[in-house]
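Just so you know, these numbers use all the heavy atoms, side chains as well, and skip hydrogens, waters and symmetry mates. Indexing begins at 1, ligand by ligand and atom by atom, following the structure's order.
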Amino acid sequence: MSVKAQREAAIRDCISRIKRSFQGGVTVPALEVAKHHLMSLCEQRALFPRSDFPVPNEVEIERTSLIYQDEDGGYALYVNSSRPGQTSRPHDHGGSWALVAAVEGEETHRLYVHDGSDVGGLRQVTELTVQPGLAVSLMPGGIHAIEAKSSEPLLHLHLYGLGFPQQGKRREFDQETGQVHRFHLKDLGFIEDAR
Ligand SMILES: [Fe+2]
């Protein structure tokens with residue numbers, strides 16, 4: 001069996017386990033169980049070779065590859081392959097929950113709450129480093145910002161309840177002006193379909 005076929009089988013198994021964990025609804029404890037299923041997938045490093053997910057060149061900085069999605073747009077799983085220096089400003093995921101786990105490399109996640117104000121109202125609550133063995137989970141409406149501070153490239157998995165095209169109400173926060181911006185899919189750049 002090819003690596004891609006093995007990866008697809010492992011992904012299907014992981015997604016079905018995560019769906020079972022959400023049978024009672026998307027709760028903090030259920031999301032914690034789901035997070036560990038995604039971390040278990042990441043531990044199978046041989047399924048995510050650099051030959052399939054290369055380190056991007058200096059111009060690209062990051063590459064995003066879709067590797068699984070339900071036909072209705074749900075349960076979208078992406079590989080994020082980045083060089084050091086990748087950043088994203090604070091954002092939510094349009095009402096979707098989110099999980100980010102590491103196959104290799106590390107990045108800093110800052111987590112926020114927002115009081116609903118048109119301007120300002122964003123407050124950081126914690127900061128953690130996503131790396132092998134340590135993942136991050138966001139409930140629907142959860143806000144995070146990402147910064148790849150390490151000198152090593154990273155390869156992380158991002159799983160969402162809704163794929164990027166379905167995250168139509170996503171918000172992004174400008175910390176200099178305090179303004180809230182609506183999500184534009186084009187701002188994410190090219191997403192490869194690697195299914
Ligand atoms: Fe995000």
A.B. asks: Hydrogens and angles aside, do H181 and Q179 bring a side-chain donor and acceptor to less than 3.5 Å of each other?
C.D. replies: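 Not at all, the side chains of H181 and Q179 share no donor-acceptor pair under 3.5 Å.
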A.B. asks: Donor-acceptor pair, E62 side chain versus N80 backbone, under 3.5 Å?
C.D. replies: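 Between the backbone of N80 and the side chain of E62 there is no qualifying donor-acceptor contact (under 3.5 Å).
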A.B. asks: Test your reading of the model: is there a side-chain donor-acceptor pair from D92 to the backbone of R171, 3.5 Å cut-off?
C.D. replies: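 Yes; judged by distance alone, with no hydrogens or angles, the pair exists.
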A.B. asks: Assess the side chains of Q166 and Q69: does a donor N or O sit below 3.5 Å from an acceptor N or O?
C.D. replies: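 There is such a pair (donor and acceptor under 3.5 Å, judged by atom type) between the side chains of Q166 and Q69.
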A.B. asks: Under 3.5 Å, sequence neighbours excluded: what are the donor-acceptor pairs made by side chains of residues 135-143?
C.D. replies:
none

A.B. asks: Around the Fe ion (ligand 1), list the protein N/O/S atoms within a radius below 2.8 Å, excluding water molecules.
C.D. replies: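 Near the Fe ion (ligand 1), below 2.8 Å, one finds H91 NE2, H93 NE2, H144 NE2.
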A.B. asks: Within the 3.5 Å criterion, strictly below it, is a donor on H158 or Y160 matched to an acceptor on the partner's side chain?
C.D. replies: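 Yes.
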